[in-house]
Amino acid sequence: MKLFWYVAVGSAFGGVARFALGGFIQQRAGPGFPVGTLIINITGSFLLGMLMRYSLQSDFVSPEVRIMLTTGFCGGYTTFSTFAYETAGLMEDGAYGRAALYVTASVVAGVLGMFLGFAVANQLIAVRAQS
């Protein structure tokens with residue numbers, strides 16, 4: 001039962017972060033393209049990649065904190081359900097080129113973000129091993 005609370009707390013913070021940051025970005029970018037969700041998906045992929053690699057390959061992060069940060073925070077933060085909804089909206093509006101760009105950029109940059117997260121985590125692990 002204790003792990004559910006870790007997930008709940010992480011999810012609450014992740015959802016609030018998504019709402020605040022996504023809204024902040026989208027407000028400045030304008031309504032033509034869902035850039036707020038795109039940025040959230042990319043940064044969420046980066047963060048999850050870094051957290052999983054670092055926490056699973058070091059003893060610095062407890063299983064409880066790992067689940068709070070990954071399943072909780074990242075699960076509340078990333079927005080692929082919103083991604084699907086916004087893609088469908090673009091398609092329904094006849095903006096097929098924008099929809100294709102959005103899907104491609106989200107997937108490619110998200111996977112690249114994941115590998116960048118892996119690389120940062122590997123560096124953190126190497127630095128920690130030296131100290």
Side-chain angles (χ1 to χ4, degrees):
M1 189 64 176
K2 179 171 83 168
L3 289 180
F4 285 100
W5 286 108
Y6 280 95
V7 172
V9 168
S11 295
F13 282 100
V16 168
R18 176 184 72 216
F19 177 76
L21 182 60
F24 177 81
I25 292 167
Q26 196 62 51
Q27 198 172 44
R28 277 140 190 82
F33 187 79
V35 69
T37 302
L38 177 62
I39 298 294
I40 295 296
N41 285 338
I42 294 165
T43 58
S45 294
F46 164 79
L47 188 59
L48 184 61
M50 184 187 68
L51 289 169
M52 288 301 290
R53 179 63 54 95
Y54 186 74
S55 66
L56 291 173
Q57 292 188 6
S58 73
D59 59 356
F60 186 67
V61 180
S62 71
E64 294 84 4
V65 171
R66 183 183 72 234
I67 200 140
M68 180 178 65
L69 294 174
T70 59
T71 303
F73 184 86
C74 289
Y77 180 74
T78 57
T79 55
F80 272 87
S81 59
T82 304
F83 160 77
Y85 177 80
E86 290 171 341
T87 302
L90 288 170
M91 294 173 74
E92 284 186 334
D93 291 341
Y96 295 106
R98 284 184 178 175
L101 174 63
Y102 185 42
V103 168
T104 302
S106 293
V107 173
V108 171
V111 171
L112 289 174
M114 184 67 69
F115 281 108
L116 182 59
F118 289 168
V120 169
N122 287 338
Q123 291 298 314
L124 291 171
I125 291 166
V127 167
R128 189 158 160 74
Q130 292 175 0
S131 49

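Note that the numbering runs from 1 along the sequence shown for the chain. These numbers come from a predicted model, not from an experiment.
- Applying the ring pair (Phe, Tyr, Trp, His ring centres under 6.0 Å) test to every pair with at least one member in residues 28-73, sequence neighbours left out, gives these pairs: Phe33-Tyr102, Phe73-Tyr77.
- With sequence neighbours left out, Phe80 forms a ring pair (Phe, Tyr, Trp, His ring centres under 6.0 Å) with Phe83.
- Side-chain atoms of Ser58 never come within 3.5 Å of backbone atoms of Ser55 as a donor-acceptor pair (strictly under, hydrogens ignored).
- When hydrophobic clusters are built by joining Ile, Leu, Val, Met, Phe, Trp and Tyr residues whose side-chain heavy atoms come closer than 4.5 Å, directly or via intermediates, Leu47 is grouped together with Val7.
- For the atom pair OG of Ser81 and CD of Glu86, the computed distance is 9.5 Å after rounding to the nearest 0.5 Å.
- When all heavy atoms of Gly49 and Met114 are compared, the closest pair comes out as CA-SD, 3.0 Å.
- Note on Leu101: it clusters hydrophobically with Val35, by side-chain heavy-atom contacts below 4.5 Å among ILVMFWY residues.
- Within 6.0 Å of CG in Asp93 there are more than 12 heavy atoms belonging to other residues, nucleotides or ligands.
- For Ala95, the side-chain contact (heavy atoms from CB on, under 4.5 Å) test picks out Leu90, Arg98, with sequence neighbours left out.
- Counting only residues at least two apart or on different chains, no side chain to side chain donor-acceptor pair (under 3.5 Å) pair has a member in residues 105-128.
- Here the closest heavy-atom approach between residue Gly44 and residue Cys74 is recorded as O-SG, 4.5 Å.
- Summarising the hydrophobic clusters (Ile, Leu, Val, Met, Phe, Trp, Tyr; side-chain heavy atoms under 4.5 Å, direct or chained), the residues clustered with Met91 are Tyr96.
- Considering CD1 of Ile42 and OG1 of Thr78, their distance stands at 13.0 Å, rounded to 0.5 Å.
- Phe19 and Leu21 are members of different hydrophobic clusters when ILVMFWY side chains are connected at heavy-atom separations under 4.5 Å.
- Residues forming a side-chain contact (heavy atoms from CB on, under 4.5 Å) with Thr70 (at least two apart in sequence, or on another chain): Leu48, Leu51, Met52, Arg66.
- Note on Ile40 and Leu116: same hydrophobic cluster, where clusters join Ile, Leu, Val, Met, Phe, Trp and Tyr whose side-chain heavy atoms are under 4.5 Å apart, directly or indirectly.
- Residues in residues 105-131 take part in these ring pair (Phe, Tyr, Trp, His ring centres under 6.0 Å) pairs, two or more places apart or across chains: Phe115-Phe118.
- Between Gly110 and Ser45, the shortest heavy-atom distance links the atoms O-CB, 3.2 Å.
- Every residue meeting the side chain to side chain donor-acceptor pair (under 3.5 Å) condition with Thr79, not counting sequence neighbours, appears here in chain and number order: Asn41.
- For residues 4-28, the set of pairs meeting the side chain to side chain donor-acceptor pair (under 3.5 Å) definition, not counting sequence neighbours, is empty.
- In the hydrophobic cluster analysis, where Ile, Leu, Val, Met, Phe, Trp and Tyr join through side-chain heavy atoms closer than 4.5 angstrom, Leu69 is grouped together with Ile125.
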